[in-house]
Novice: 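Sharing a structure, written as structure tokens. Questions coming.
Please read these numbers as outputs of a predicted model, since none were measured by experiment.
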Amino acid sequence: MKFGIVDLFAGPGGLDIAATIMKGEGVESIGVEWDDATRATRAAAGLLTTDVKDVAELGPCDPSVYEATVLTGGPPCQSFSVAGNREGHQALEDVKRLATRLMGHEDEASFDVAWKEVKDETDAMSDNRTGFVLQPLRWIMEAELKRKRPYKVIVLEQVPTVLPVWNHFAELLRGAGYAAEAHVLHTEDFGVPQTRRRAVLIAQHDPKNVRRRVLFPEATHQRYRKGAVRLPPRDAAQKESLFDDVKPWVSMGDALAGTRKTEFVMVSNYGSGGDPKKRGRRESGEPAPTVTGKVRRNRLYNLRKDSAGEIVLSPEDALERLSPREAGLLQSFPAEYPWQSTDVAQQIGNAIPPRLSLHILSVALFNKPPRKEWYEQLEKWSPKDKASQATTPTASVPSAPPQVSAPSRSSASGRPLTGASAKISAK
């Protein structure tokens, strides 16, 4: 079966690069992305990107994405990153209420009225970015009512605080003929050398069996916990076993072995709120803390401990901070990924890890784990000759080629109120 993916808020290609690895199985993707610098990275990687940059200005009937059978996306999350306070909680409740208003329509006219009302309300909010997360529902409804062909599979991902929204979406999608579930996944469970949690929704069109179980990826690697002992490496016989147990977590040292030859410690500001006493420390034998757009602020030192086994940080042990290539490796991007422009840390921090994407897409599309060779293909991926592929995607209409272009370097116009990718490091 052929799977043409349209990836909303596509970023630098964390999901799309995984899709290229699965091309032999009939998978290909085209992304919608607002930011010019991020589009430059996608172009250098040879990834398909629509000429229209704003998700809100496109829809499933556009020739560039008309044949797509799969909808994916990671809408920006600023409104929900503070879900523990009153504003964040209210944003979650607003989205759930407005999502209900968008679903269940039986004709175009009724839906168009509802969408206009919803858009007017979200545009008027103090943080109008709250409406971003409703864009996938617009695409889903327009695919059914206007294109007359629903998506076969839907995959949405976000920060864990959005799980209540995804659960609500899942219930609404069951009413639209989908088997749907949402769960929080831990990236290190799938061989990503970083601890990061993502709320993931998977929906499969199955009108006669909407209450059935939806398969989610099963962990292949050890879960990291502070103070936990890493599982021992497996011998050759174990590596060849058809009945592999969970592998040890993948560490920073594993991922950066090509550039960091000695043991080190990383000091991270993530989650510290600027309080030096809360700055996390991870040794090179552990996964990295969550990689954000501020990853360059993380400090690295040669690993030294005192007689009591406590880490000692000394100025003379300071090391060069992470390069863009190294930060990408900690997100499981290939070493040769062609990061472009000056905001690379932001691009990397906003991306979904490609290795996690392999697991999610394989289960969502094929109901089975990734093929083992795909991991090696992802690791060894190179941009050589990839640019020539960015011309004729699976998700195009033969008589109307997709609108794909290299990005413009300027962006003088203001960002639209809905649809534009405005992700920040909190994602």
Side-chain angles (χ1 to χ4, degrees), residues 1-33 38-39 41-50 55 58 60 64-74 136 139 151-157 185 187 190-192 198 200-204 216-217 328 331-334 336-338 347 350-396 402 404 421:
M1 181 179 292
K2 183 171 69 175
F3 288 103
I5 299 171
V6 56
D7 187 19
L8 310 183
F9 311 100
L15 183 140
D16 304 86
I17 196 65
T20 69
I21 303 300
M22 305 168 73
K23 189 172 182 178
E25 299 292 323
V27 179
E28 195 159 8
S29 68
I30 185 167
V32 188
E33 173 55 39
T38 305
R39 289 169 65 88
T41 293
R42 293 179 61 86
L47 299 178
L48 295 162
T49 305
T50 58
V55 166
L58 276 176
S64 63
V65 296
Y66 185 81
E67 293 296 331
T69 59
V70 179
L71 180 74
T72 66
W139 281 66
Y151 292 109
K152 295 181 182 296
V153 176
I154 298 162
V155 175
L156 302 176
E157 57 90 20
L185 302 180
T187 58
F190 304 97
V192 178
R198 304 303 291 174
V200 177
L201 180 150
I202 297 176
Q204 298 164 325
F216 266 68
Q331 276 278 53
S332 76
F333 276 90
E336 300 303 317
Y337 211 68
Q347 295 180 40
N350 289 339
I352 181 172
R355 189 175 174 110
L356 177 63
S357 294
L358 272 182
H359 285 268
I360 293 171
L361 285 179
S362 187
V363 168
L365 302 183
F366 307 114
N367 289 314
K368 60 184 180 182
R371 292 165 54 179
K372 291 186 177 180
E373 59 265 30
W374 290 349
Y375 303 130
E376 183 176 357
Q377 291 171 17
L378 177 63
E379 184 178 343
K380 295 183 176 180
W381 178 95
S382 169
K384 295 177 181 177
D385 301 322
K386 296 296 180 182
S388 62
Q389 298 178 10
T391 53
T392 313
T394 302
S396 66
V404 180
S421 178

Novice: Looking at CD1 of Ile5 and OG1 of Thr69, how far apart are the two atoms once the value is rounded to the nearest 0.5 Å?
Specialist: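 Separation between the atoms: 7.5 Å.
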Novice: Roughly how far, to the nearest 0.5 Å, is the CZ atom of Phe3 from the CD atom of Glu25?
Specialist: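 It is 10.0 Å, given to the nearest 0.5 Å.
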Novice: Would you say Ser332's side chain and Arg355's backbone share a donor-acceptor pair under 3.5 angstrom?
Specialist: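 Confirmed, Ser332 side chain pairs with Arg355 backbone.
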Novice: Could you tell me whether the side chain of Gln347 and the main chain of Thr41 form a donor-acceptor pair under 3.5 Å?
Specialist: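 Not a single qualifying donor-acceptor pair exists.
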Novice: When rounded to the nearest 0.5 angstrom, what is the spacing between CG in Leu71 and CG in Leu156?
Specialist: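 Leu71 atom CG to Leu156 atom CG measures 6.5 Å (nearest 0.5 Å).
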Novice: If you look at every heavy atom in Ser29 and Ala19, which pair is closest and at what distance?
Specialist: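 It is OG-CB, 3.8 Å.
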Novice: Restricting to non-hydrogen atoms, name the atom on Gly13 and the atom on Leu47 that form the minimum distance, rounded to 0.1 Å.
Specialist: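 The answer is CA-CD1, 3.7 Å.
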Novice: Could you tell me which non-hydrogen atom of Gly31 sits nearest to which non-hydrogen atom of Ala10, and how far apart they are?
Specialist: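 Of all heavy-atom pairs spanning Gly31 and Ala10, the closest is CA-CB, 3.7 Å.
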Novice: Using every non-hydrogen atom in the two residues, find where Ser64 and Thr50 come nearest and quote the distance to one decimal.
Specialist: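 What the structure gives for the nearest pair is OG-CG2, 3.8 Å.
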Novice: Quick one: CG on Leu185 to CD1 on Ile360, what's the gap to the nearest 0.5 Å?
Specialist: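 Here the rounded value is 5.5 Å.
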Novice: Show the nearest heavy-atom pair for residues Phe190 and Pro217, with the distance to one decimal.
Specialist: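 Heavy-atom minimum between the residues: CE2-CB, 3.4 Å.
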Novice: Please find out if less than 6.0 Å separates the ring center of Phe333 from that of Trp381.
Specialist: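 No.
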Novice: Rounded to the nearest 0.5 Å, what separation is found between the CG atom of Leu378 and the OH atom of Tyr337?
Specialist: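 One gets 10.0 Å once the value is rounded to the nearest 0.5 Å.
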Novice: Here's a test for you: under side chain to side chain contact (heavy atoms under 4.5 Å, CB included), which of Leu358, Leu356, Leu361 qualifies with Leu15?
Specialist: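 Per the side chain to side chain contact (heavy atoms under 4.5 Å, CB included) rule, the option paired with Leu15 is Leu361, out of Leu358, Leu356, Leu361.
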Novice: Heavy-atom count check: over 12 atoms from other residues, nucleotides or ligands less than 6.0 Å from Glu376 CD?
Specialist: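 No, the 6.0 Å shell around CD holds no more than 12 heavy atoms from other groups.
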Novice: Can you tell me if CD on Glu379 sees more than 12 non-hydrogen neighbours from other groups inside 6.0 Å?
Specialist: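 Counting other residues, nucleotides and ligands, CD of Glu379 stays at 12 neighbours or fewer.
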Novice: With sequence neighbours left out, what residues match Arg42 under salt bridge (Lys or Arg N to Asp or Glu O under 4.0 Å)?
Specialist: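 Salt bridge (Lys or Arg N to Asp or Glu O under 4.0 Å) list for Arg42, sorted by chain: Asp16.
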Novice: Closest approach of Pro353 and Thr187, non-hydrogen atoms and distance?
Specialist: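 The answer is CG-CG2, 4.0 Å.
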Novice: What I want to find out is whether Glu67 reaches Lys2 closely enough, with some N-O distance under 4.0 Å, to be called a salt bridge.
Specialist: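 No, this pair does not count.
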Novice: Can you pull out every side chain to side chain donor-acceptor pair (under 3.5 Å) where at least one residue sits in residues 357-369? Sequence neighbours excluded, please.
Specialist: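 Counting only pairs at least two positions apart or across chains, the side chain to side chain donor-acceptor pair (under 3.5 Å) contacts touching residues 357-369 are Gln204-Asn367, His359-Tyr375.
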Novice: Between the side chain of Glu33 and the main-chain N/O of Gly11, is any donor-acceptor distance below 3.5 Å?
Specialist: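 Here the side-chain-to-backbone pair exists.
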Novice: Got a second to check how far Trp139's CH2 is from Leu8's CG, nearest 0.5 Å?
Specialist: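 Interatomic distance, Trp139 CH2 to Leu8 CG, rounded to 0.5 Å: 5.0 Å.
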